There are 2 protein chains.
Amino acid sequence: MAASKALFSLSFLLCSLPAIISQSFIRIPSDRSVVDNDIYCESWRLSVETNNSGKWSLVPSSCASYVEKYMNGDKFLSDSEVAFDNMLAYAATVEVGSDGKDAWIFDVDETLISNLPYYKLYGEATLLPVSLRFYKKLQQLGFTIILLTGRTESQRTVTVQNLLKTGYSHWSRLILRNTTEKNDTALVFKSRRRAELAKEGYKLHGCSGDQWSDLVGYPMAKRIFKVPNPLYYLS
Amino acid sequence: MAASKALFSLSFLLCSLPAIISQSFIRIPSDRSVVDNDIYCESWRLSVETNNSGKWSLVPSSCASYVEKYMNGDKFLSDSEVAFDNMLAYAATVEVGSDGKDAWIFDVDETLISNLPYYKLYGEATLLPVSLRFYKKLQQLGFTIILLTGRTESQRTVTVQNLLKTGYSHWSRLILRNTTEKNDTALVFKSRRRAELAKEGYKLHGCSGDQWSDLVGYPMAKRIFKVPNPLYYLS
């Protein structure tokens with residue numbers, strides 16, 4: 001069964017990040033010529049962000065403190081800012097018509113809002129002002145905003161509350177998993193829903209998500225944008 | 001007209017890297033909260049490697065010395081090693097049959113061999129032992145190796161010489177642009193050739209390239225792997 005992000009976030013509430021990452025494992029190739037651990041962990045993070053790594057389950061234990069430093073320091077914020085700047089640079093080139101069919105798709109958790117207890121421990125998510133600023137600029141540009149999340153319909157009310165509380169509003173549609181979709185991977189579920197949107201005549205200009213399963217699969221948006229997340233992977 | 005890598009490499013021979021990168025420009029968003037230049041340049045490099053940046057022309061001038069340090073230090077080597085480790089981890093899971101149809105596609109320049117004068121100035125490309133090791137392991141696993149490069153048919157002999165000289169051999173096919181394809185983008189050319197391979201019955205398990213135009217476009221290999229290259233972008 002595919003774990004939904006919401007379920008993940010819920011279970012995550014029961015444990016702290018250091019506990020999660022210290023349980024993890026790593027395959028260190030024996031013929032590795034670079035031994036500096038931070039350099040290796042940066043390469044590991046790159047492999048995750050490019051999806052070279054494919055499916056992965058846990059942050060390598062040797063990278064636990066690196067990831068903690070990355071999330072708490074300036075790097076995560078800088079990476080997020082550049083990612084959202086990339087989105088805006090592209091969005092500004094799109095000719096948006098008046099028929100409401102020029103769409104941008106957002107994932108919710110760890111893309112627009114952050115539910116990780118990590119942030120509760122260390123302060124407000126640094127991602128929020130950056131993503132909220134872009135969201136509002138997209139609205140000014142006339143895009144139709146569609147939220148496509150792996151959360152289930154049973155979480156609709158709380159999801160709307162989460163979004164409004166953090167400053168998001170006036171989306172055109174909030175798509176959640178219905179009961180027949182709860183066993184689908186995020187990739188299958190999200191691709192199916194994008195196909196439905198395309199069929200309705202939406203032009204899928206951009207898609208933003210912290211998971212590759214938010215972004216790839218047919219049909220894909222014309223441009224996809226990976227929001228940094230070195231903490232977990234969802235298929 | 002689409003610039004081929006070979007043409008690029010040729011023109012690159014006429015100038016040194018510092019000259020290339022010092023001509024470049026950068027848009028620094030006015031509302032950026034992170035000001036450390038190396039942190040920004042790391043984020044810029046991530047945006048390139050994830051393809052969030054889309055098409056880009058020149059290394060930002062403020063990142064010239066960062067990129068030089070990156071290429072000359074341990075980071076490029078480490079990133080390359082992890083990328084090829086990712087490939088091997090996946091390749092080892094593929095059930096390779098005896099019909100010769102289980103294929104892996106490689107780009108050539110800056111994926112298998114490096115022609116940049118940069119390397120001539122600073123010593124042998126660090127990428128080579130890493131990529132050559134993976135290439136040989138793929139052969140041991142029984143994969144059919146297909147080389148798909150933006151170089152033209154007129155460069156076949158020199159390309160074969162380049163490859164053999166650096167240790168590559170026994171590929172199944174070396175696909176170059178024919179004369180009717182010279183104005184195609186790499187994306188269009190490479191997608192068309194992958195479609196032909198799929199039609200011939202090849203299973204496109206993996207595809208490795210330093211450019212996103214080596215990797216995306218229909219049909220895509222089942223798994224795609226981005227080899228690091230913060231020096232240039234080809235459509």
Side-chain angles (χ1 to χ4, degrees), chain A residues 27-56 60 70 73-90 93 126 129-130 133 206 208 212 215-216 218-220 222-228, chain B residues 27-56 60 70 73-90 93 126 129-130 133 206 208 212 215-216 218-220 222-228:
Chain A
R27 183 183 68 91
I28 297 194
S30 55
D31 50 3
R32 180 160 309 292
S33 49
V34 176
V35 288
D36 180 283
N37 193 60
D38 268 15
I39 289 181
Y40 169 74
C41 295
E42 282 193 15
S43 297
W44 172 79
R45 186 168 58 80
L46 181 65
S47 79
V48 161
E49 295 299 347
T50 56
N51 209 24
N52 277 357
S53 60
K55 188 174 178 160
W56 58 279
Y70 169 77
D74 289 334
K75 289 188 177 190
F76 173 68
L77 175 57
S78 173
D79 288 349
S80 301
E81 282 183 333
V82 170
F84 281 93
D85 283 343
N86 290 150
M87 296 175 212
L88 185 58
Y90 166 65
T93 69
T126 54
V130 178
R133 191 168 59 212
S208 310
W212 280 94
L215 307 175
V216 295
Y218 184 81
M220 264 169 66
K222 196 171 170 198
R223 282 284 301 277
I224 59 177
F225 297 91
K226 175 69 174 71
V227 175
Chain B
R27 183 183 68 90
I28 299 192
S30 55
D31 48 3
R32 179 159 309 291
S33 48
V34 176
V35 289
D36 180 285
N37 193 59
D38 269 15
I39 289 181
Y40 169 74
C41 295
E42 283 194 17
S43 298
W44 172 80
R45 186 168 58 78
L46 181 66
S47 80
V48 162
E49 296 298 347
T50 56
N51 209 23
N52 276 357
S53 60
K55 187 172 178 162
W56 58 279
Y70 169 76
D74 290 334
K75 288 188 178 189
F76 173 69
L77 176 58
S78 173
D79 287 349
S80 300
E81 283 184 332
V82 170
F84 281 93
D85 283 344
N86 290 150
M87 296 174 211
L88 185 58
Y90 165 64
T93 68
T126 54
V130 178
R133 191 168 61 212
S208 309
W212 279 95
L215 307 174
V216 295
Y218 184 80
M220 264 170 66
K222 196 171 170 198
R223 282 284 302 274
I224 59 175
F225 297 92
K226 175 69 174 70
V227 175

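In the text below, chain A, chain B and the rest are named by the order of the sequence lines, each starting its count at 1. All figures in this text were calculated on a predicted structure; none of them were measured in a lab.
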If you count heavy-atom pairs under 4.5 Å with chain A, which of B/M220, B/M87, B/E49, B/E42 comes out on top? B/E42
Can you tell which part of B/Y90 gets under 4.5 Å to a heavy atom of chain A, answering side chain, backbone, both or neither? neither
Rounding to 0.5 Å, atoms CG (B/N52) and CZ (A/F84) come to a distance of 9.5 Å
Can you tell me which portion of A/W56 sits under 4.5 Å from chain B's heavy atoms? Options are side chain, backbone, both or neither. neither
Between B/V82 and A/Y40, what is the shortest heavy-atom contact and its length? CG2-CE1, 3.8 Å
Between the side chains of B/S53 and A/N86, does any donor sit under 3.5 Å from an acceptor? no
CG of A/L215 to OG1 of B/T50: how many Å apart, nearest 0.5 Å? 10.0 Å
Would you say B/L46 and A/K226 make side-chain contact, with heavy atoms under 4.5 Å? no
State, to 0.1 Å, how close B/S43 and A/K75 come at their nearest heavy-atom pair, and which atoms those are. OG-O, 4.4 Å
